[in-house]
Amino acid sequence: MPAADSTPVVTRFAPSPTGYLHIGGARTALFNWLYARGRNGTFLLRIEDTDRERSTPEATAAIVKGLTWLGLDWDGEVVSQFDRRHRHAEVAREMLARGHAYKCFATQEEIEAFREAARAEGRSTLFLSPWRDADPATHPDAPYAIRLRAPREGATVIEDAVQGTVTFRNEQLDDMVCLRSDGTPTYMLAVVVDDHDMGVTHVIRGDDHLNNAARQTQVYRAMGWAEPVWAHIPLIHGPDGKKLSKRHGAVGLEEYQAMGYPAAGMRNYLARLGWAHGDAEFFSDADAKAWFDLDGIGRAPARLDFKKLENLCGQHIAATPDAALLPEIEAFLEAAGRPPLSQAQKDGLARALYCLKDRAKTFPELLEKSHFVLGKRPFLPDEAAARALDPVSRGILKELTPQLQNASWDRDTLEGVATRVAADHGMGLGKLAGPLRAAIAGRTISPSVFDMMLVIGREETLARLQDATA
RNA sequence: GGCCCGUUCGUCUAUCGGUUAGGACACCAGGUUUUCAACCUGGGAAGAGGGGUUCGACUCCCCUACGGGCUGCCA
């Protein structure tokens, strides 16, 4: 039975540490986090490291780091599934004692041989252990696996919050192995025991586990435990509609950080991927927590759309207070393996952020437009800027310079002076802005020329103009 | 092969039997503009196909096609 609505919500994210944190996994974590945090619940993190061959501490570290960057905080310590192996085994033995499980002496070679033959003959490869009803007196003195004595008749029904009612005929389900013949627990058993022991009320995970839910349900029933609410969410696909894999480009969350997407934008985008709350597109964490619910999750896999990700990220960068943006930019620099900012650069950037953040969709773009405040004199113009600084333009700039000397340093005055000088030469401000920008930034792309002048100040502005017109 | 799930504009989606099928991103055209970003106006763009049920289906049912997942003593 699903947990009652009144019981506190407990969700968990349970990745296996076999590499980077997959972007799809990050979304699964986000959904669990939103669901718990929006309901005053608990969000737990458990590492499914029962596969000793493939689990690495580096991968666990990557998961922790990724979630931390994404801003998904979990409650309590990180739980290692491997550390709980004795408890898993204990449950397996208990099921054995209660007759809900049995010892299976079939060797893996035998099973494999059976499956091969079945495949060759086009028969079902479902392995039905001959030991299920064997007389214990006939048990050999050999290693055995403990298999669940699953019902053979009837059906196992999953009430899934996303997928609806899903029915599996029991004849399609085999007696899953709970404890391997070497005494170690399988994932199938471990998840159920852990979720139960940790008090997980809502299992929100990828729908690649939907089939597993049926077999796991049988363990809950065998142990007489309350079943969690299941919510199997569709996987994320690449832009081509195929399962997201490395050939699509970035799949690891850390790659997104290194590409300079802000975490808030990622959260917004990922939440919006496969879930909707009416027409809401751009929203805050508070909104998402308040709105997120299982019945808003779509049933079809969603494709990644970088354009939309960028759009949302741009809006989030613009909406983030300067004081919060700076540390994020520094973290990005580090993640991308770029040199850190000097104190002077930090100060400059802090002053310039107001005119930078609403024109950038990613941090690299913001930094590119920050060149005027991050760089040092002399500002060697890039190719396009050099073209803008033709002799005629330099002549006009030379005229402008002394007028700036005495102007009061505010936007209106500056703009007035520039407009007047341009007019003296029969041109609009637009014509003069090009070379002015080239002289100040050394680039043809930057914030407004007047904003730049305000940020760097009179002295520096004049110096740069002199550099350019010398 | 078997089992399970899915299918609304290019993409993410709204709709929960009665709508000119809405929004966002993207795209195209025009405008604004000091570059970029942004902004304004307009435009093209969708219910996989076929059967039912119903006064009425994108919405409910069935079939087909296509896509995906699972089918391990992996997780």
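Values below: every heavy atom of this structure, side chains too, minus hydrogens, waters and symmetry copies. Numbered from 1 within each chain, the chains take letters A, B, ... in sequence-line order.
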Select one nucleotide: of [options], the one nearest the side-chain heavy atoms of [X].
{"X": "Lys308(A)", "options": "C73(B), C27(B), C12(B)", "value": "C12(B)"}
{"X": "Gln172(A)", "options": "C73(B), A75(B), G2(B)", "value": "G2(B)"}
{"X": "Asp305(A)", "options": "U11(B), U13(B), C3(B)", "value": "U11(B)"}
{"X": "Arg272(A)", "options": "C70(B), C3(B), G23(B)", "value": "G23(B)"}
{"X": "Thr50(A)", "options": "U7(B), U11(B), A75(B)", "value": "A75(B)"}
{"X": "Arg303(A)", "options": "C3(B), C25(B), U11(B)", "value": "U11(B)"}

Check: Of Gly278(A) and Val166(A), whose closest RNA chain B nucleotide lies nearer the 5' terminus?
Finding: Val166(A)
Next item on the list: Specify the residue among Gln81(A) and Leu273(A) whose closest nucleotide of RNA chain B lies further upstream toward the 5′ end.
Entry: Leu273(A)
What integer number of Å spans the [atom1] atoms of [N] and [M]?
{"N": "C58(B)", "M": "U53(B)", "atom1": "C1'", "value": "16 Å"}
{"N": "G31(B)", "M": "U19(B)", "atom1": "P", "value": "39 Å"}
{"N": "C36(B)", "M": "U41(B)", "atom1": "C1'", "value": "22 Å"}
{"N": "C9(B)", "M": "G49(B)", "atom1": "P", "value": "10 Å"}
{"N": "C25(B)", "M": "U35(B)", "atom1": "C1'", "value": "25 Å"}
{"N": "U15(B)", "M": "A46(B)", "atom1": "C1'", "value": "13 Å"}
{"N": "C16(B)", "M": "G72(B)", "atom1": "C1'", "value": "40 Å"}
{"N": "A45(B)", "M": "G22(B)", "atom1": "C1'", "value": "14 Å"}

Item checked: Exercise: identify the closest heavy-atom pair between Pro151(A) and Asn170(A) -> O-CB, 3.2 Å
Any base atoms under 4.0 Å from [X], or only sugar-phosphate, or nothing? Heavy atoms, all strands.
{"X": "Arg299(A)", "answer": "sugar-phosphate"}
{"X": "His232(A)", "answer": "nothing"}
{"X": "Asp174(A)", "answer": "nothing"}
{"X": "Met188(A)", "answer": "base"}
{"X": "Ala106(A)", "answer": "base"}
{"X": "Arg54(A)", "answer": "base"}
{"X": "Gln108(A)", "answer": "base"}
{"X": "Ala300(A)", "answer": "sugar-phosphate"}
{"X": "Thr167(A)", "answer": "sugar-phosphate"}
{"X": "Gly428(A)", "answer": "nothing"}

Check: Across all strands, who's sitting opposite G1(B) as a Watson-Crick or G-U wobble pair, both distances under 3.5 Å?
Finding: U71(B)
Next item on the list: Identify the nucleotide, in any strand shown, that forms a Watson-Crick or G-U wobble pair with A65(B), with both distances under 3.5 Å; if there is none, say none.
Entry: U7(B)
Margin query: Salt bridge or not between Arg87(A) and Asp194(A)? Use side-chain N to carboxylate O under 4.0 Å.
Written below: no
Check: Quick check, are the ring centers of His209(A) and Tyr187(A) under 6.0 angstrom apart?
Finding: yes
Check: Ring centres of Tyr220(A) and His196(A) under 6.0 Å apart?
Finding: no
Next item on the list: Would you state whether a donor and an acceptor, one from the side chain of Asp207(A) and one from the base of G69(B), lie under 3.5 Å apart?
Entry: no
Margin query: Given the structure, check if the side chain of Glu281(A) and the base of G23(B) hold any donor-acceptor pair shorter than 3.5 Å.
Written below: yes
Margin query: Within the supplied structure, the quantity of interest is the number of heavy atoms (other residues, nucleotides, ligands) at a distance under 6.0 Å from Glu121(A) CD; does it exceed 12?
Written below: yes
Next item on the list: Could you check Lys103(A), Arg132(A), Arg215(A), Arg149(A) and say which one makes a salt bridge (charged side-chain N to carboxylate O under 4.0 Å, His left out) with Asp175(A)?
Entry: Arg132(A)
Check: Would Arg85(A) count as a cation-pi partner of Phe82(A), with NZ or CZ less than 6.0 Å from the six-membered ring centre and within 45° of the ring normal?
Finding: yes
Notebook entry, point to check: When you measure from the centre of the six-membered ring of Phe450(A), is the NZ or CZ of Arg411(A) under 6.0 Å away and within 45° of the axis?
Noted result: no
In whole Å, what is the span from the [atom1] atom of [X] to the [atom2] atom of [N]?
{"X": "Arg169(A)", "N": "C70(B)", "atom1": "CZ", "atom2": "P", "result": "21 Å"}
{"X": "Leu126(A)", "N": "G1(B)", "atom1": "CG", "atom2": "P", "result": "18 Å"}
{"X": "Ile158(A)", "N": "C70(B)", "atom1": "CD1", "atom2": "P", "result": "17 Å"}
{"X": "Gln216(A)", "N": "U71(B)", "atom1": "CD", "atom2": "P", "result": "12 Å"}
{"X": "Leu179(A)", "N": "G72(B)", "atom1": "CG", "atom2": "P", "result": "19 Å"}
{"X": "His277(A)", "N": "A24(B)", "atom1": "NE2", "atom2": "P", "result": "17 Å"}
{"X": "Leu148(A)", "N": "C73(B)", "atom1": "CG", "atom2": "P", "result": "13 Å"}

Check: OP1 or OP2 of C73(B) sitting under 4.0 Å from any side-chain N/O of Arg115(A)?
Finding: yes
Check: Would you say Thr125(A) reaches U71(B)'s phosphate, i.e. side-chain N/O to OP1/OP2 under 4.0 Å?
Finding: no
Check: Have Arg437(A) and Ser446(A) got a donor and an acceptor in their side chains that come within less than 3.5 Å?
Finding: yes
Notebook entry, point to check: Going by atom types only, do Gln218(A) and Thr156(A) share a side-chain donor-acceptor pair under 3.5 Å?
Noted result: yes
Write out a two-atom table: protein N or O, nucleotide N or O from nucleotides 32-38 of chain B, distance below 3.5 Å.
unit_1, atom_1, unit_2, atom_2, d
U34(B), O2, Arg437(A), NH2, 2.6
U34(B), O4, Ser448(A), OG, 3.3
U35(B), O2', Thr444(A), O, 3.2
U35(B), N1, Arg437(A), NH1, 3.4
U35(B), O2, Thr444(A), O, 3.3
U35(B), O2, Ser446(A), N, 3.0
U35(B), O2, Ser446(A), O, 3.1
U35(B), N3, Arg437(A), NH2, 3.1
U35(B), N3, Ser446(A), O, 2.5
U35(B), O4, Arg359(A), NH2, 3.1
U35(B), O4, Arg437(A), NH2, 3.4
U35(B), O4, Ser448(A), N, 3.3
C36(B), O2', Lys369(A), NZ, 2.8
C36(B), O2, Arg359(A), NE, 3.1
C36(B), O2, Lys369(A), NZ, 2.9
C36(B), N3, Arg359(A), NE, 3.0
C36(B), N3, Arg359(A), NH2, 2.8
C36(B), N4, Arg359(A), NH2, 2.7
A37(B), O4', Lys369(A), NZ, 3.4
A37(B), O2', Asp358(A), O, 3.3
A38(B), OP1, Lys361(A), NZ, 3.4

Next item on the list: Classify the angle between the aromatic ring planes of Phe31(A) and Phe292(A) as parallel (below 30°), tilted (30 to 60°) or perpendicular (above 60°).
Entry: tilted
